[in-house]
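Below: the structure, in structure tokens.
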Amino acid sequence: MQTLWDSGWLVNAVIALTLLEAAGLLLYRRLNGRGIPARDWILNLASGLCLMMAVRAAVLGAPWLAIAAWLSAAGLAHGADMVSRWRRQG
């Protein structure tokens, strides 16, 4: 199990599953018009993916700047998600 973690394989698998989830949600919505609109979840998913990329970068020994960039992107996506939710409320 340690080898799977150290190689980044586990994080890659979670990223792949998350991307498959997004594709499934988009396809389901497109095919039958039901489901959750992308505007309600895409920024949240992007934030999570950026966090996963930061973990992947750290596990693989990337420079601190790469990790900081992914964390910053996660924060920006999260902020954009919060702003869009706030605007839809009022």
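Keep in mind it's a predicted model, so treat the numbers as computed, not measured. Computed over heavy atoms, backbone and side chain alike; hydrogens, waters and symmetry mates excluded.
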### Query
Closest heavy-atom contact between W5 and V59?
O-CG1, 3.0 Å
#### Entry: hydrophobic_cluster_shared for L19 and L43, side chain cutoff 4.5 Å
yes
### Query
Just wondering, more than 12 heavy atoms not from R30 lying within 6.0 Å of its CZ?
no
### Task
May I ask you to decide if A77's main-chain N or O and S47's side chain share a donor-acceptor pair within less than 3.5 Å?
no
#### Entry: Close side-chain approach of V11 and M53, heavy atoms under 4.5 Å
no
### Summary
Note: N12 and R56 closest approach over all heavy atoms is OD1-NE, 2.5 Å
### Query
Is S72 reaching over with its side chain to a backbone N or O of A68, donor-acceptor style, under 3.5 angstrom?
yes
#### Entry: Those residues that, when tested against L71, pass side-chain contact (heavy atoms from CB on, under 4.5 Å) (two or more places apart)
L51, A54, I67
#### Entry: Non-hydrogen atoms of D6 and L60 that approach each other most closely
O-CD2, 4.0 Å
#### Entry: W9-I15 co-clustered via ILVMFWY side chain contacts under 4.5 Å
yes
### Query
Which atom pair, heavy atoms only, marks the closest approach of R29 to I36?
CD-O, 4.0 Å
### Query
Mind checking whether R85 and N44 have side chains closer than 4.5 Å, heavy atoms only?
yes
### Nearest heavy atoms of A57 and W70, plus distance in Å
CB-CD1, 4.4 Å
### Message
Between D81 and I42, is the side-chain contact (heavy atoms from CB on, under 4.5 Å) condition met? List the steps.
### Response
CA-CA 8 Å; D81 181 39; I42 199 84; over 6 Å; no
#### Entry: CG on L25 to CG on L45, rounded to 0.5 Å
8.5 Å
